[in-house]
Amino acid sequence: MRSFSYLIILFLMVLASCVKPPDYSVVPRIEFVSVNKTDFNEMDPDSLSVVIYFEDGDGDLGSEDSVNMFWEDSRVPGYLIPYKIPFFNVDGNSKAISGTVTTYYRISSCYSDTDPIDTFYFKIFVEDRAGNQSNVDSTSLIFIHCN
């Protein structure tokens, strides 16, 4: 009976060591998860909080010295707002990483002079240290009540 118990323990150890690492692409992938709220007043003291899920197969997404996340306000096409996902070490056999990152944006003024509510969204993408650019995902609509 004792040797049977050892065999079960040995089998479980072998099974645990055979866990397959995730098979993510070396090109990062992101997915919009949530915002803290969608209605703001112009010059609101509350910040917009955006949560993004990410995956990267070779773990080179963060950076110590350069920006690597970009937001584009739908009201100003082509103008990118830079952010930085910090560098972190990846240990182990698999370098694949996934997780969420939360960023904040201070709500300022309305862009419209005529509408009582300014409506927009952000397009977001990331770039890893090898220069691979992720897909672009968008936040939900955000409303600023203009003063």
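Both backbone and side-chain heavy atoms feed into the values below; hydrogens, waters and symmetry mates do not.
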- Mind checking whether W71 and I144 sit in one hydrophobic cluster, side chains of I, L, V, M, F, W, Y counted as touching below 4.5 Å? yes
- Atom NZ of K123: over 12 foreign heavy atoms under 6.0 Å: no
- Message: Would you compute the distance between atom OH of Y121 and atom CD of E72 and round it to the nearest 0.5 angstrom?
- Response: 8.0 Å
- Item | In one Ile/Leu/Val/Met/Phe/Trp/Tyr side-chain cluster, 4.5 Å: I142, M69 | yes
- Message: Please confirm whether the ring centroid of Y111 lies under 6.0 Å from the ring centroid of F120.
- Response: no
- Query: How far apart are the C-alpha atoms of N68 and D128, what are their side-chain angles, what is the distance that settles it, and do they pass the side chain to side chain contact (heavy atoms under 4.5 Å, CB included) test?
  - Reply: CA-CA 7 Å; N68 47 22; D128 66 16; over 6 Å; no
- Can you name the nearest heavy-atom pair linking D56 to V27, along with the distance? OD1-C, 4.1 Å
- Message: Show the nearest heavy-atom pair for residues H145 and C110, with the distance to one decimal.
- Response: C-SG, 4.3 Å
- Query: Atom CD of E55 and atom CD1 of I30: how far apart are they, to the nearest 0.5 Å?
  - Reply: 11.5 Å
- Task: Check whether Y83 and I97 end up in the same hydrophobic cluster, where Ile, Leu, Val, Met, Phe, Trp and Tyr are linked by side-chain heavy atoms less than 4.5 Å apart.
- Result: yes
- According to the interplanar angle, ranging from 0 to 90°, do the rings of Y105 and F122 count as parallel (below 30°), tilted (30 to 60°) or perpendicular (above 60°)? perpendicular
- Rounded to the nearest 0.5 Å, the OG1 atom of T38 sits from the CG atom of L141 at a distance of 8.5 Å
- Item | From I81 atom CD1 to I124 atom CD1, the distance as rounded to the nearest 0.5 Å | 9.5 Å
- Note on the structure: Residues N36 and S49: closest non-hydrogen pair is OD1-N, 2.8 Å
- Query: So do the side chains of R29 and S134 get within less than 4.5 Å of each other, counting heavy atoms only?
  - Reply: no
- Under 4.5 Å between side-chain heavy atoms, hopping through other hydrophobics if needed: is there a path connecting F70 to L48? no
- Message: Checking L61 against F54 for the side chain to side chain contact (heavy atoms under 4.5 Å, CB included) test, could you report, in this order, the C-alpha distance in whole Å, the side-chain angles of both residues, the deciding distance, and whether it holds?
- Response: CA-CA 9 Å; L61 189 54; F54 66 87; 3.5 Å; yes
- Query: What's the spacing between D60 CG and E127 CD if we round to 0.5 Å?
  - Reply: 10.5 Å
- Note on the structure: Heavy-atom nearest pair, S63 first then K84, reads O-CE, 3.3 Å
- Item | Any donor-acceptor pair under 3.5 Å from E64 side chain to F87 backbone | no
- Message: Do P28 and N132 have side chains that approach each other closer than 4.5 Å (heavy atoms only, starting at C-beta)?
- Response: yes
- Rounded to the nearest 0.5 angstrom, the CG-CD1 distance for D39 and I107 is 10.5 Å
- Message: With a 4.5 Å cut-off on side-chain heavy-atom distances among I, L, V, M, F, W and Y, is there a chain of contacts connecting F125 to V67?
- Response: yes
- Smallest heavy-atom separation, S98 atom then Y53 atom, equals CB-OH, 3.5 Å
